[in-house]
Structure formats: structure tokens, C-alpha cells
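To keep things clear, I will list the structure first and then write my remarks on it.
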Amino acid sequence: DEPIHIGKAALASSYVGTKYFGHWLRGDCIQYILAQEYGQPLCVRRPVDPADHQRSYERYFHQNWMPTDRARIDHLVVFQDYAQNKFKQRRYKFLKAQIKEHFPGTSRRTNVFLRRGQTGVARIIQNEGEIVDALVKRDFKIVDLENDSLETILSTLVDARVVVSMEGSHISHCCFTVPDRSGLIVLQPPDRFTGVHRGWAECMSIRFGFVVGDKAEGGYY
């Protein structure tokens, strides 16, 4: 296709956001708000989301992520939007309020286990059944990313007191849902340690903790 002409644009997409759903949701969607202030938001094509969660979030956030593949741009604004600060916090809270309009929640707080299952890059918990049994005895509600709708996931998370989950992009669903002063506990693989969720959690007054597992055949324990 011939490139389109754009007079002034601002880049909403990031490199990691074009590859990983969690970075798109947690990072690019708040960068989109900046882009709107400086020009036409420029969105780069992402992989197809098999769960179609992106399209739902676009609707909740009132954002248009129609990709631009080829363009000639007269003036392009590019952001360095890495630090967690009050400026970023305001944008988190703005999108969180958009989710709240659709999922107002209740006054009852629930502990939640967010089950990753086979979604995304394989990160199998070999003793997941044992963990689920222990958490259910402690009144945790199990939310299954493979089988539950996005609406079920979000309507549960908005009432969460504590969320426990394997590390991964899916934890970003918590960014715009779980109440302030709630807790997030990440089950962390020992061979791919990342603290990416700690930053936004502390920025949003969410207590953060992690448990490092052991590597086991075909997954983790």
C-alpha cells in the first residue's frame, strides 16, 4: 500500500507494547492519552489477540488503535515515558475510572487467584492443583483466564482484596481494576525474574509481594 500522509502525529505504541499484551495495556494505553494531547495518536500493528481483550479495552477506554502500517509524517512526537510518578499515576487513575463505569463493584472484598493456565508463553505450575486447594480453603475465588470472559475477570478484580497469580502479562488486568491498598502476590519463576509489576503497583498504592518458585520438569513448583 502507498504510505498515507499525516501532518502531525504522536507515537502511542511502544516496542514492547507491539509484542506483549501486558505492556500494551499497562503502558501504551496510558501513553495514548499523551499522544492525544500532541497530535494524531500513531498506533503500530500488534499481533492478533486470540482472546480479543484488546478490542474490549479499546471500547472501555474510548481509544482507537487502528494501526498505521506506512505513513509519511511531517512532525512526529516520541515520548520517553518510563518513570513511575504522579503524572503517570493520574493517567492510570483516569483509565481506572473508565473501567469503574462499566464494573462498579460491590462493598464485599474478595481474595482472588488469577489462573494463567496455558495462555501466553508456557509458564506451567506443576503443583497448581495443590495451590488452588490451599487457597480455596482460605476463601479465594478462582478466575480462569482460559475459560472466563473478560467481563467476569474484571468484575471480580474490582472487588479484590488480594490477588495471587503467576508472573505474566495477564497481571496487567489488575492495573485498572483492583482497589487502592489491596495486595498483589506474584508467583515468580526463578529463571525469568522481573519486577515490572512492582512499579505500577506501588504507584497505585497496591502492596506488592512475590514468591520465587523452583524449576521443575516442564514448568515450576
Side-chain angles (χ1 to χ4, degrees), residues 1-103 119-121 145 149-151 153-154 157 167-178 192-206:
D1 296 337
E2 284 296 313
I4 62 173
H5 175 258
I6 302 174
K8 185 176 183 180
L11 187 62
S13 299
S14 67
Y15 173 75
V16 287
T18 62
K19 294 180 175 295
Y20 305 109
F21 172 78
H23 287 277
W24 171 82
L25 177 59
R26 189 184 63 253
D28 292 10
C29 286
I30 64 168
Q31 189 161 287
Y32 188 101
I33 299 171
L34 286 180
Q36 286 179 305
E37 298 179 10
Y38 289 90
Q40 175 182 330
L42 184 66
C43 305
V44 178
R45 188 174 297 277
R46 297 191 66 255
V48 174
D49 176 13
D52 209 23
H53 289 171
Q54 177 175 332
R55 188 175 302 180
S56 296
Y57 275 110
E58 288 184 47
R59 186 172 69 254
Y60 297 147
F61 293 159
H62 307 288
Q63 296 180 355
N64 179 6
W65 282 85
M66 181 68 69
T68 298
D69 292 324
R70 302 185 67 196
R72 290 190 176 94
I73 302 169
D74 297 332
H75 183 82
L76 176 65
V77 179
V78 179
F79 304 101
Q80 290 183 327
D81 189 32
Y82 305 127
Q84 300 289 344
N85 49 42
K86 290 184 177 180
F87 182 43
K88 184 169 281 188
Q89 184 187 71
R90 285 199 298 270
R91 286 175 282 144
Y92 285 139
K93 289 187 173 181
F94 176 76
L95 295 186
K96 190 172 183 177
Q98 307 272 27
I99 295 295
K100 194 77 172 175
E101 289 182 6
H102 295 275
F103 305 96
T119 62
V121 177
L145 287 154
S149 67
L150 180 62
E151 290 73 20
I153 295 168
L154 299 184
L157 291 176
E167 184 275 324
S169 281
H170 60 284
I171 293 180
S172 294
H173 290 301
C174 299
C175 185
F176 304 110
T177 52
V178 297
R192 45 165 295 119
F193 194 91
T194 172
V196 65
H197 297 295
R198 181 175 184 267
W200 67 260
E202 292 196 348
C203 189
M204 293 294 285
S205 301
I206 295 167

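Here the structure is a predicted model, which means the values were calculated and not measured.
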- request: For the pair Q31 (side chain) and A12 (backbone), establish whether a donor and an acceptor sit closer than 3.5 Å, ignoring hydrogens and angles.
  value: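 Yes: the side chain of Q31 pairs with the backbone of A12.
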
query: Is the backbone of G22 close enough, under 3.5 Å, to the side chain of H170 for a donor and an acceptor to pair up by distance?
result: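 The answer is no, because no donor-acceptor pair under 3.5 Å joins these two groups.
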
Ring centroid separation H62 to Y32 under 6.0 Å: no

Between [atom1] on residue [X] and [atom2] on residue [Y], distance to nearest 0.5 Å:
X	Y	atom1	atom2	answer
T68	R70	OG1	CZ	12.5 Å
L150	Q54	CG	CD	12.0 Å
K88	W200	NZ	CH2	13.0 Å
I6	K8	CD1	NZ	13.5 Å
L11	D28	CG	CG	8.0 Å
I206	C174	CD1	SG	7.5 Å

Counting only heavy atoms not in [X], do more than 12 sit closer than 6.0 Å to its [atom1] atom?
X	atom1	value
F193	CZ	yes
R46	CZ	yes
Y38	OH	no
R59	CZ	yes
F79	CZ	yes

- prompt: So F21 and W24, would you call those rings parallel, tilted or perpendicular, with 30° and 60° as cut-offs?
  reply: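 Judged by the thresholds at 30° and 60°, the geometry between F21 and W24 is tilted.
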
task: Specify whether Y57 and F61 have parallel, tilted or perpendicular ring planes, treating 30° as the upper limit for parallel and 60° as the lower limit for perpendicular.
output: tilted

message: List the residues meeting salt bridge (charged side-chain N to carboxylate O under 4.0 Å, His left out) with D81, not counting sequence neighbours, and say none if there are none.
response: R91

Answer whether the closest heavy-atom distance between the side chains of [X] and [Y] falls below 4.5 Å.
X	Y	result
L25	H53	no
E167	R192	yes
M204	V178	no
L95	Y60	no
L42	V77	no

Residues R45 and D69 bridged, charged N to O under 4.0 Å: yes

task: Under the side chain to side chain contact (heavy atoms under 4.5 Å, CB included) rule, what do T177 and F103 come out as? Steps first, then yes or no, please.
output: CA-CA 9 Å; T177 52; F103 305 96; over 6 Å; no

- request: Please lay out, stage by stage, how R26 and H197 fare under the test side chain to side chain contact (heavy atoms under 4.5 Å, CB included).
  value: CA-CA 10 Å; R26 189 184 63 253; H197 297 295; 3.8 Å; yes

Atom of Q36, atom of P41 and distance for their closest heavy-atom approach: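 It is CG-CG, 3.8 Å.
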
- request: Give a yes-or-no answer on whether the side chains of Y92 and Q84 include a donor-acceptor pair shorter than 3.5 Å.
  value: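 Side chains of Y92 and Q84: pair found under 3.5 Å.
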
